[in-house]
**Student:** 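The structure's right below; bear with me while I get my questions together.
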Amino acid sequence: MKKLLRFLLIFTLTIGLSACESNASNPQTTGNADADYLGKYLCTGITLDGLTMNPNGKWLELNADGTVTTFLTEEADEAEWKLEGENFTMTIAGKTVGTGTLQGNELSLEMMGMEYTFVQEGTGQDGQEASSSSGSFATFTCYGNLYAVRYPTDLFQQDPAGLSDLYTEDGVKGWITKLDTEERVTEWLAGFDEKETNENVQDYQTMEYTVAGYPARAIVYQDAEGWHSEVIVNFGKDMGNETYSMYAAYIYFTGDTYVSVWNEEIQGMINSLSIDG
């Protein structure tokens, strides 16, 4: 039951599964009719409420014993799979957690509001599909590939003068960085609270939600310089490596209007945050 609840919770977030030892029971062996479908499927697209997220590095593998290995975040997990005609079902402990269709080499899967598309590896379609699905999007990696975000290149471009800067032609600017100690995370969150009572700040809003499986806090406010949105994704531990420590990701945008700093494109970029460390 704990595994089921965890699985259902993770799929309500911008990004897939968290690590946990698998407790899959009574896996069913797939029949010969399903043998052609076995193997790894590379993710070519992820959407949530119309927002496009980064599919790079995500995959699942259909095993002959009726289990499916998923890698939709930084570690793998397992469930069970079943195919009836073209109808694909994924379950944990007998409870359905995903449904979709498996046609030829393409798998479409819906899990708790998130829509995934996969193409079977080695079919000659996976690279082509991934390229076409990325379209006008690019992946921007930060700090030795510790994490990445996916951004629409027709709206946001990388600023060659900055390591983590994004900007638009109409003047919206943003940057992405990391907080490298627990103390800095605490200090910056306290700064969020201070802005609420700052006499120079107007239209202050704060919200808590989840990004990439981790608690996040966002504020949106207006001052003499314009509108601002700030987000801290708090990992609760060091998610870095030997070269870079990282306890949180910090994302910031500023522009002339509320819409310009907190629209669907910016929310999609935040929700596409992928942790590689």
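Keep in mind it's a predicted model, so treat the numbers as computed, not measured.
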**Student:** Measure the acute angle between the ring planes of Tyr143 and Tyr244, then classify it against the limits of 30° and 60° as parallel, tilted or perpendicular.
**Tutor:** perpendicular

**Student:** State yes or no: do Ile251 and Leu189 share one hydrophobic cluster built from I, L, V, M, F, W and Y residues joined by side-chain heavy-atom distances below 4.5 Å, directly or via other members?
**Tutor:**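 No, no single cluster joins them.
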
**Student:** Does Asp256 CG have over 12 foreign heavy atoms under 6.0 Å away?
**Tutor:**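 No - once you tally the heavy atoms of other residues, nucleotides and ligands closer than 6.0 Å, there are 12 at most.
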
**Student:** Less than 4.5 Å apart, side chain to side chain, heavy atoms only: is that true for Thr254 and Val172?
**Tutor:** no

**Student:** Treat each ILVMFWY residue as a node, draw an edge where side-chain heavy atoms are under 4.5 Å apart, and state whether Ile232 and Leu146 are in one component.
**Tutor:**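 Ile232 does not cluster with Leu146.
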
**Student:** Could you give me the CA-CA distance, side-chain angles and deciding distance for Asp165 and Lys173, then say whether side-chain contact (heavy atoms from CB on, under 4.5 Å) is met?
**Tutor:** CA-CA 7 Å; Asp165 295 342; Lys173 298 180 180 180; over 6 Å; no

**Student:** So, Phe253 versus Phe156, ring centres under 6.0 angstrom or not?
**Tutor:**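 Yes, the ring of Phe253 comes within the 6.0 Å limit of the ring of Phe156, centre to centre.
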
**Student:** Just verifying a value: how many Å separate Leu107 CG and Leu42 CG, rounded to the nearest 0.5 Å?
**Tutor:**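 These two atoms lie 11.5 Å from each other.
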
**Student:** What's the separation between atom NZ in Lys40 and atom CG in Asn63, rounded to the nearest 0.5 Å?
**Tutor:** 11.0 Å

**Student:** Hydrophobic clusters here meaning ILVMFWY residues chained together by side-chain heavy-atom distances under 4.5 Å, can you tell me if Val97 and Tyr41 are in one?
**Tutor:**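 Yes, it is one cluster - the side chains of Val97 and Tyr41 are joined through contacts under 4.5 Å.
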
**Student:** What class does the angle between the rings of Trp59 and Phe71 fall in, given that below 30° is parallel, 30 to 60° is tilted and above 60° is perpendicular?
**Tutor:** parallel

**Student:** Check this for me: does any side-chain nitrogen of one of Glu84 and Lys82 sit under 4.0 Å from a carboxylate oxygen of the other?
**Tutor:**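 Result for this pair is yes, salt bridge flagged.
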
**Student:** When you measure from the side chain of Tyr151 to the backbone of Glu265, do you find a donor-acceptor pair of N or O atoms at a distance under 3.5 Å?
**Tutor:** no

**Student:** Determine whether a donor-acceptor pair (N or O, by modelled atom type, separation under 3.5 Å) exists between the side chain of Ser108 and the backbone of Thr101.
**Tutor:**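 Side chain of Ser108 to backbone of Thr101, a donor-acceptor pair under 3.5 Å: no, none is there.
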
**Student:** With the side chain counted from C-beta on, respond yes when Asp203 and Trp227 share a heavy-atom pair under 4.5 Å apart, and no when they do not.
**Tutor:**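 Touching, per the 4.5 Å side-chain cut-off.
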
**Student:** Does the side chain of Gln267 come within less than 4.5 Å of Tyr209's, by heavy atoms?
**Tutor:**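 Not in contact.
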
**Student:** Do the non-hydrogen side-chain atoms of Lys58 and Ser274 ever get within less than 4.5 Å of each other?
**Tutor:** yes

**Student:** Where the side chain of Thr70 meets the backbone of Glu78, is there a donor-acceptor pair that is under 3.5 Å apart?
**Tutor:** no

**Student:** Using 30° and 60° as the class boundaries, would you call the ring planes of Phe192 and Tyr250 parallel, tilted or perpendicular?
**Tutor:**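 Tilted.
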
**Student:** Would you say the side-chain atoms of Ser229 pair up with the backbone N or O of Val261, donor to acceptor, closer than 3.5 Å?
**Tutor:**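 Yes, Ser229 side chain to Val261 backbone: donor-acceptor pair under 3.5 Å.
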
**Student:** Trp262 and Ala218: which non-hydrogen atoms are nearest, and at how many Å?
**Tutor:** CH2-CB, 4.0 Å

**Student:** Leu179 and Tyr252: same hydrophobic cluster, using ILVMFWY side-chain contacts below 4.5 Å?
**Tutor:** yes

**Student:** How far apart are the C-alpha atoms of Arg217 and Asn234, what are their side-chain angles, what is the distance that settles it, and do they pass the side-chain contact (heavy atoms from CB on, under 4.5 Å) test?
**Tutor:** CA-CA 8 Å; Arg217 183 178 174 194; Asn234 188 359; over 6 Å; no

**Student:** Do Met269 and Pro152 touch side chain to side chain, with heavy atoms closer than 4.5 Å?
**Tutor:** yes

**Student:** Look up atom OG1 in Thr44 and atom CD in Glu106, then write down how far apart they are to the nearest 0.5 Å.
**Tutor:**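 Output value for this atom pair is 7.5 Å.
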
**Student:** Please find the pair of heavy atoms, one from Ala148 and one from Thr141, that lie closest to each other, and give the distance.
**Tutor:** CB-CG2, 3.8 Å

**Student:** Please work out whether the ring planes of Tyr116 and Phe118 are parallel, tilted or perpendicular, with thresholds of 30° and 60°.
**Tutor:**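 Because their plane-to-plane angle is under 30°, the rings of Tyr116 and Phe118 count as parallel.
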
**Student:** State, yes or no, whether a side-chain contact exists between Tyr214 and Met239 at a heavy-atom distance under 4.5 Å.
**Tutor:**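 Contact flag for Tyr214/Met239 side chains = yes.
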
**Student:** Atom CD1 of Ile266 and atom OG of Ser260: how far apart are they, to the nearest 0.5 Å?
**Tutor:**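 Rounded to the nearest 0.5 Å, the CD1-OG separation comes out at 6.5 Å.
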
**Student:** As a quick check of understanding, evaluate side-chain contact (heavy atoms from CB on, under 4.5 Å) for Asn87 and Thr99, giving each step before the final call.
**Tutor:** CA-CA 7 Å; Asn87 296 322; Thr99 59; over 6 Å; no

**Student:** Please walk me through it: do Gln120 and Leu62 pass side-chain contact (heavy atoms from CB on, under 4.5 Å)?
**Tutor:** CA-CA 10 Å; Gln120 192 172 24; Leu62 304 183; over 6 Å; no

**Student:** I'd like to know if the side chain of Glu196 pairs up with that of Tyr221 as donor and acceptor (distance under 3.5 Å, no hydrogens or angles considered).
**Tutor:** no

**Student:** Measure the spacing between OG1 of Thr91 and CH2 of Trp81 and express it to the nearest 0.5 Å.
**Tutor:** 11.5 Å

**Student:** Hey, any chance Leu273 and Met207 share a hydrophobic cluster, counting ILVMFWY side chains that come within less than 4.5 Å of each other, even indirectly?
**Tutor:** yes

**Student:** Which atoms form the tightest heavy-atom contact between Ala93 and Glu80, and what is the distance?
**Tutor:**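 Looking at all heavy atoms of both residues, the shortest contact is N-OE1, 3.6 Å.
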
**Student:** If you define the side chain from C-beta out and look only at heavy atoms, does anything of Ile219 sit under 4.5 Å from Lys195?
**Tutor:**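 Ile219 reaches Lys195 side chain to side chain.
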
**Student:** Are Val233 and Ile275 packed together at the side-chain level, in the sense that at least one heavy-atom pair is separated by less than 4.5 angstrom?
**Tutor:**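 No, every pair of side-chain atoms sits at 4.5 Å or beyond.
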
**Student:** Within this structure, what is the CG-CG distance for the pair Asp223 and Asn198, rounded to the nearest 0.5 Å?
**Tutor:** 8.0 Å

